[in-house]
Engineer: 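Before anything else, here's the structure in question.
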Amino acid sequence: MANSRFQKSRLVFVLLCFLFFVSRLRIFVAADDKSNESNKDDGYDFVVTEEDQIGDNSTLSGGGYAAPSGVAMDQERSQLCNTDMSSFLPPPYNNISNMVCKPVWNTFLLRYHKKEDNVVTFILSAVYTTGWVAMGFSKDGRMVGSSAMVGWFNRKGQARIKEYYLQGTRPSKVIEDAGELDLTKVPPAVVINGAMIYLAFQAKFEKPLASQPIILAFGTRYPNHYRLSSHDDKTAILFDFTAGSASRARTNAGQMKKNHGVLGTLAWGLFLPSGAIVARYLKHKEPLWYYLHAGIQFLGFLLGLANVVLGQQLYSKIDANVPSHRGIGIFALTLSILQILAFFLRPKKDAKIRKYWNWYHHWFGRIALFFGVFNIVWGIHLGAAGTSWKIGFGFLITMILVTVIILETLSWLRRSEKTTPPETFQMNPI
């Protein structure tokens, strides 16, 4: 009867803890979504501030378009925007008047002209040497799901311009001659004039084009059979085609990456190994070891679950293409869930299947710990976390291993003392 009451109270305690954790997790997710309510699932914040405005007096970072002073920058941009394109662009792009010209990123300049029938003519120009240049139209500021116009000149000097659909982040997921842009019957064009490449095309939109997330990117390697290489650099901006202004789309995933690493380290590098140590070396402290083991492991499981949830949000924000790290994390979480189920299905000590349950619980736990720790190391490597993370996690694992070695040695010594037969007292014969 007492054991039955204990089983029921244990189940109620676990369920209450789990419900509390889920409620806190929802609050955490809601707070994160609120901070990014303008773009919930992407890693870009389109809030326009005065310092983020890309106007005629701003300085563009990351490219060779920077000038030593604001006056020189204005003069250079004015000269580029006043370039007479009638001599090198094909019709109708060479005779469109009143085009708006705005610098958008690095050496990229965007010219556009809007018609009453929602047809917009775009001319994107940038400094060019080799490779390809692209302008994408996104629904939410993310690369995945965007449609892009990509232009380049191959090694033979032949012009190429195509629409691509960015189905994924891998080159194989960038599909040529596909996309959601409603291009007009006017053929797109790509030309080189001096040091600049010009991409010109027309597209029709369902409604007047206003604020639009734009993806800009370039790669220095030539496309291989129309398959694009990975970009050397890219950015996302929110361009207002009504006001002719742009704001940078800033990523705010840096803190989330740190939180993801901290949660993973606490779960798989500290709590879950500590719970396993308690179960192995404190069995003589009955029933204290059991309560410590169950409590520590359950806390580690909650941290691991939160880590996977945060990792999924991070995956959506930065389009991270790390299937190995993601797959190992989900696999380790699955083993953890099986361990939680084992907690509720634990048979009595005198049950015939208890030895099989012990085998299952011990080995699934060891496998989960191995892959959990390995995934932390792999994640630190993939995320280029730096020396401080490597030293910190290395120190933590070293301390765990030293503790295990000391406790294993003491346990072996205790077993040796129990198995050594006592010396018998010999009496001298009379």
Engineer: Return the orientation label for the His293 and Trp289 ring planes: parallel under 30°, perpendicular over 60°, tilted otherwise.
Structural biologist: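 It falls in the tilted class, 30° to 60°.
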Engineer: For the residue pair Phe241 and Phe239, categorise the inter-ring angle as parallel (less than 30°), tilted (30 to 60°) or perpendicular (more than 60°).
Structural biologist: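 Phe241 and Phe239: tilted rings.
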Engineer: Between the main-chain N or O of Leu209 and the side-chain N or O of Lys114, is there a donor-acceptor pair closer than 3.5 Å?
Structural biologist: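 Yes; at least one donor-acceptor contact below 3.5 Å.
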Engineer: Below 30° counts as parallel, above 60° as perpendicular, anything between as tilted: where do the rings of His260 and His325 land?
Structural biologist: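 Perpendicular: the ring planes of His260 and His325 meet at over 60°.
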Engineer: Ignoring hydrogens and angles, state whether a donor on the side chain of Trp132 or Ser229 is under 3.5 Å from an acceptor on the partner side chain.
Structural biologist: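 Indeed, the side chains of Trp132 and Ser229 share at least one donor-acceptor pair under 3.5 Å.
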Engineer: What's the verdict on side chain to side chain contact (heavy atoms under 4.5 Å, CB included) for Ile192 and Tyr128, showing C-alpha distance, side-chain angles and the deciding distance?
Structural biologist: CA-CA 8 Å; Ile192 290 180; Tyr128 180 77; 3.7 Å; yes
Engineer: Would you sort out whether Tyr165 and Glu180 count as a side chain to side chain contact (heavy atoms under 4.5 Å, CB included), showing the intermediate values?
Structural biologist: CA-CA 8 Å; Tyr165 180 65; Glu180 299 178 354; 4.2 Å; yes
Engineer: Nearest 0.5 angstrom please: Ile215 CD1 to Ser147 OG, how far?
Structural biologist: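 Answer for the CD1-OG pair, Ile215 versus Ser147, is 11.0 Å.
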Engineer: For the aromatic rings, using the six-membered ring if either is Trp, is the centroid distance between Phe122 and Tyr112 under 6.0 Å?
Structural biologist: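 Ring centroids of Phe122 and Tyr112 are no less than 6.0 Å from each other.
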Engineer: Backbone N or O of Thr242 within a donor-acceptor pair of the Asp240 side chain at under 3.5 Å?
Structural biologist: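 Yes: the side chain of Asp240 pairs with the backbone of Thr242.
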Engineer: For the CE atom of Met85 and the OH atom of Tyr198, what is their distance to the nearest 0.5 Å?
Structural biologist: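 Those atoms lie 7.0 Å apart.
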Engineer: Can you tell me if CD on Gln158 sees more than 12 non-hydrogen neighbours from other groups inside 6.0 Å?
Structural biologist: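 Result for CD/Gln158: enclosed.
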Engineer: Is the shortest side-chain heavy-atom distance between Leu407 and Ile277 below 4.5 Å?
Structural biologist: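 Leu407 reaches Ile277 side chain to side chain.
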Engineer: From Leu396 CG over to Ile376 CD1, what is the distance, rounded to the nearest 0.5 angstrom?
Structural biologist: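 Result: 8.0 Å between the selected atoms.
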Engineer: Should Tyr281 and Glu408 be marked as a side-chain hydrogen bond (donor to acceptor under 3.5 Å, both in side chains) after you check the CA-CA gap, both sets of side-chain angles, and the distance that decides it?
Structural biologist: CA-CA 8 Å; Tyr281 300 110; Glu408 188 68 28; 2.5 Å; yes
Engineer: Got a sec: does the NZ of Lys204 have more than 12 other heavy atoms crowding it under 6.0 Å?
Structural biologist: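 Yes.
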Engineer: If you compare all heavy atoms of Ser274 against all heavy atoms of Ile400, which two are closest, and at what distance to 0.1 Å?
Structural biologist: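 Taking every non-hydrogen atom into account, OG-CD1, 4.3 Å.
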Engineer: Once you round to the nearest 0.5 Å, how far does CZ of Phe371 lie from CZ of Arg366?
Structural biologist: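 Atom-to-atom, Phe371:CZ and Arg366:CZ are 15.0 Å apart.
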Engineer: Hey, is the main chain of Trp357 close enough, under 3.5 Å, to the side chain of His361 for a donor-acceptor pair?
Structural biologist: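 No, the answer is negative, given that no donor and acceptor are paired below the 3.5 Å cut-off.
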Engineer: Relative to the ring of Trp378, is the ring of His381 parallel (under 30°), tilted (30 to 60°) or perpendicular (over 60°)?
Structural biologist: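 His381 vs Trp378 ring planes: parallel.
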Engineer: Take a 6.0 Å sphere around CD1 of Ile175 and say whether it holds more than 12 heavy atoms from other residues, nucleotides or ligands.
Structural biologist: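 Correct, the count exceeds 12.
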Engineer: Given side chain to side chain contact (heavy atoms under 4.5 Å, CB included), test Thr265 with Trp389 step by step and report yes or no.
Structural biologist: CA-CA 10 Å; Thr265 302; Trp389 279 86; 4.1 Å; yes
Engineer: I need the Thr83 OG1 to Ile123 CD1 distance, nearest 0.5 Å.
Structural biologist: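 That separation rounds to 11.0 Å.
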Engineer: Give a yes or no on whether a salt bridge exists between Arg227 and Glu176, defined as a side-chain N under 4.0 angstrom from a carboxylate O.
Structural biologist: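 A salt bridge is absent here (no side-chain N lies under 4.0 Å from a carboxylate O).
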Engineer: Grab the two heavy atoms, one from Arg111 and one from Cys81, that are nearest each other, plus how far apart they are.
Structural biologist: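 That closest heavy-atom pairing would be NH2-CA, 3.5 Å.
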Engineer: For the backbone of Thr220 and the side chain of Asp232, can you confirm whether one donor and one acceptor N or O come within less than 3.5 Å of each other?
Structural biologist: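 The answer is yes, because a donor-acceptor pair under 3.5 Å joins these two groups.
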Engineer: Hey, what do you get for CG (Leu181) to OH (Tyr164), rounding to the nearest 0.5 Å?
Structural biologist: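 Interatomic distance, Leu181 CG to Tyr164 OH, rounded to 0.5 Å: 14.0 Å.
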Engineer: Is it the case that the side chain of Arg160 and the backbone of Trp152 share a donor-acceptor pair, with hydrogens and angles ignored and the cut-off at 3.5 Å?
Structural biologist: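 No; zero donor-acceptor contacts below 3.5 Å.
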Engineer: Taking the six-membered ring for Trp, is the centroid-to-centroid distance between Trp105 and Phe108 below 6.0 Å?
Structural biologist: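 Ring-ring flag for Trp105/Phe108: true, centres closer than 6.0 Å.
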Engineer: Are the side chains of Ile161 and Leu199 in contact, using a 4.5 Å heavy-atom criterion?
Structural biologist: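 When only atoms from C-beta onward are counted, Ile161 and Leu199 do touch, with a gap below 4.5 Å.
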Engineer: Under the side chain to side chain contact (heavy atoms under 4.5 Å, CB included) rule, what do Arg221 and Thr130 come out as? Steps first, then yes or no, please.
Structural biologist: CA-CA 7 Å; Arg221 287 179 291 176; Thr130 60; over 6 Å; no
Engineer: What pair of heavy atoms forms the shortest contact from Val373 to Ile397, and how long is it?
Structural biologist: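 For Val373 and Ile397, the tightest heavy-atom pair comes out as CG1-CD1, 4.0 Å.
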Engineer: Pick one: which of Val133, Leu109, Val190, Ile197 meets side-chain contact (heavy atoms from CB on, under 4.5 Å) with Leu124?
Structural biologist: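 So the option named by the test is Val133.
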